[in-house]
Amino acid sequence: MTDVIVGLDIGTSNIRVAIGEIIDENTVDILGLAKCPSAGLRNGSIVNIEAAIAAIKETVEQAEQNAGCEVLSCVTAIGGAQIESYNSKGLAAVSNKNQPSREINEADKERALEAARATLIPLDREFLHVIPRDYTVDGVSGIKDPIHMLGVRLETDVHIVTASKTAIQNVCSCVQRAGYGLDKVWLKTLAQVQSVAHEDELEMGSILIDLGAGTTDALVIVDGAPVCSLSIPVGGNLVTNDISIVKGIPIPAAEKIKIESGCCFLPSIQKNQEVIIPGVGGRPNELSSQVELCEIIQPRVEEIFRMVRDEIVHKTDLQRLSGNIILTGGGAEMQGIVELAQTVFGTTAVRLGIPESLGGVESDYRMPEYATAIGLIQAQKNQYKVPDRSSRKTGSKGNNKENFFTKIFKQLF
Ligand SMILES: Nc1ncnc2c1ncn2[C@@H]1O[C@H](COP(=O)(O)OP(=O)(O)OP(=O)(O)O)[C@@H](O)[C@H]1O
Ligand SMILES: [Mg+2]
């Protein structure tokens, strides 16, 4: 494993790159970051390869300059409509070959996971992750790690994530044609969980919601492992579109007003500021207000949250979710977003998903929009044994979640 990991987040509106140096098992230094406008994507899917390649290249080059190092390969993530997920089971007889007792070892675990994976999936799809949720040994369930237990019959419950082959091929092709190797493709929300979630809330059952520009993705985690992932093909772009139509202004002007003065929860507006709507084609500017803007934004964001909520209610057992709703992605930076989510989901347990503190200039990446790029570095790091470089002097902080995530993510394949 190289000691530099590059997280590449190819989004509908922005491409972000984070370059992280792995100092030791618990420490990552963020060496450099870059964010550039995206091109060639619609609702999270690549629709113009050449445009996407150029945008990826530009962002990686900028990150290389900021970090002062060369990027050879990266890890990236996909989400959106290209993803499907379901739960499955695998069963294996515990082998007593080459050992006196039937003690469960890695090979038995592998065989149980292989069996879970042996489900038929359409030819145009491929496995992205097979995530063990828990194990049952001779009828005793709820076992997180069965290694060294004695038993005859090993069962595993897994969460399987598949992706469209074409989507993965398009991502690979773009990254490789931009001149970089591709180490792995992660489910976007699974990478985000790594950087923004805490062990206790995942054990209690939590929902991560990524509010992007073209898609809104969610991952439901129960007992520390994913049970359901979903995606809705709408995001912040739709809100911008609404402002553009209602106010009769071009999209870039509507986006600027949304970011500077937008709020999505009426009671959160303390002082009703004036908002200047620029005149188009020589028309004079128009005066509006933050309240008026909120009346456009709130119903749309509320609708997006309702769609996510209804799908989660349909697919999972809400009784098992007593942790938090964690909001990430650029859309989570909108004023009033936490309060609106609290209202729609009927709980006060809502918070912003800000990447945890690592080494490097924290103010540059501790924002919900960097959850994917930073999470990719952590996800990739937790998969491998990190070389012991403890003798090195560093000025970075440790990552205390290491043990928990290492446990879950080392088992992914
Ligand atoms: N401060 C802000 N207030 C309101 N909205 C914001 C703010 N900052 C960013 N956004 C919105 O967040 C969205 C972009 O989020 P993000 O960069 O996470 O999306 P993306 O990764 O490019 O898209 P996707 O994940 O859907 O492919 C845009 O709709 C943008 O308007
Ligand atoms: Mg995104």
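Atoms within each ligand, like the ligands themselves, are counted from 1 in listed order.
- You'll find the side chain of Ile30 stays beyond 4.5 Å of the side chain of Val361, heavy atoms only.
- The single protein non-hydrogen atom nearest to atom 19 (O) of ligand 1 is Ala213 N, 3.1 Å, given as residue, atom name and distance.
- For the ligand labelled ligand 1, residue Lys258 lies inside the 4.0 Å heavy-atom shell.
- When each atom of ligand 1 is checked for a heavy atom of Asn237 under 4.0 Å away, the hits are 29 (O).
- Nearest protein heavy-atom neighbour of atom 25 (O) of ligand 1: Lys188 NZ, 3.2 Å.
- Nearest non-hydrogen protein atom to atom 20 (P) of ligand 1 is Thr12 N, 3.7 Å.
- When non-hydrogen atoms are compared, ligand 1 lies under 4.0 Å from the backbone of Glu333 as well as from its side chain.
- Residue Gly329 has at least one heavy-atom neighbour below 4.0 Å for each of these atoms of ligand 1: 18 (O).
- Considering backbone and side-chain N/O atoms, Gly214 comes within less than 3.5 Å of an N/O atom of ligand 1.
- Nearest protein heavy-atom neighbour of atom 14 (C) of ligand 1: Ser13 OG, 3.5 Å.
- Side-chain N/O atoms of Thr215 and Asn43 include no donor and acceptor closer than 3.5 Å.
- Nearest protein heavy-atom neighbour of atom 10 (N) of ligand 1: Gly330 O, 3.3 Å.
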Query raised in the report: Taking it one step at a time, do Gln342 and Thr348 satisfy side-chain hydrogen bond (donor to acceptor under 3.5 Å, both in side chains)?
Result: CA-CA 5 Å; Gln342 286 172 332; Thr348 52; 5.5 Å; no
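- For Glu255, every heavy-atom contact with ligand 1 shorter than 4.0 Å involves the side chain, none the backbone.
- Remark: among candidates Arg42, Met334, Arg16, the nearest residue to atom 4 (C) of ligand 1 is Met334, based on non-hydrogen atoms.
- Between Arg306 and Glu303 there is no salt bridge, since none of the side-chain N atoms of the basic residue sits less than 4.0 Å from a carboxylate O of the acidic one.
- Applying the side-chain hydrogen bond (donor to acceptor under 3.5 Å, both in side chains) criterion to Ser261, with sequence neighbours excluded, gives no partner residue.
- The distance criterion of under 3.5 Å between nitrogen or oxygen atoms is met by Gly331 with respect to ligand 1.
- In this structure, Ser206 contributes its side chain and Glu201 its backbone to a donor-acceptor pair below 3.5 Å.
- Between Gly235 and ligand 1 there is no heavy-atom distance shorter than 4.0 Å.
- Of all protein heavy atoms, the one lying nearest to atom 21 (O) of ligand 1 is Gly11 CA, 3.5 Å.
- In this structure, Arg111 does not pair ionically with Glu114, as no charged nitrogen and carboxylate oxygen lie closer than 4.0 Å.
- Looking at every heavy atom in both residues, Pro278 comes nearest to Ile249 through O-CG2, 3.4 Å.
- Side-chain atoms of Asp29 do not come within 3.5 Å of backbone N or O of Leu31 as any donor-acceptor pair.
- Contact between Gly44 and Gln82 at its shortest, heavy atoms only, is O-NE2, 3.7 Å.
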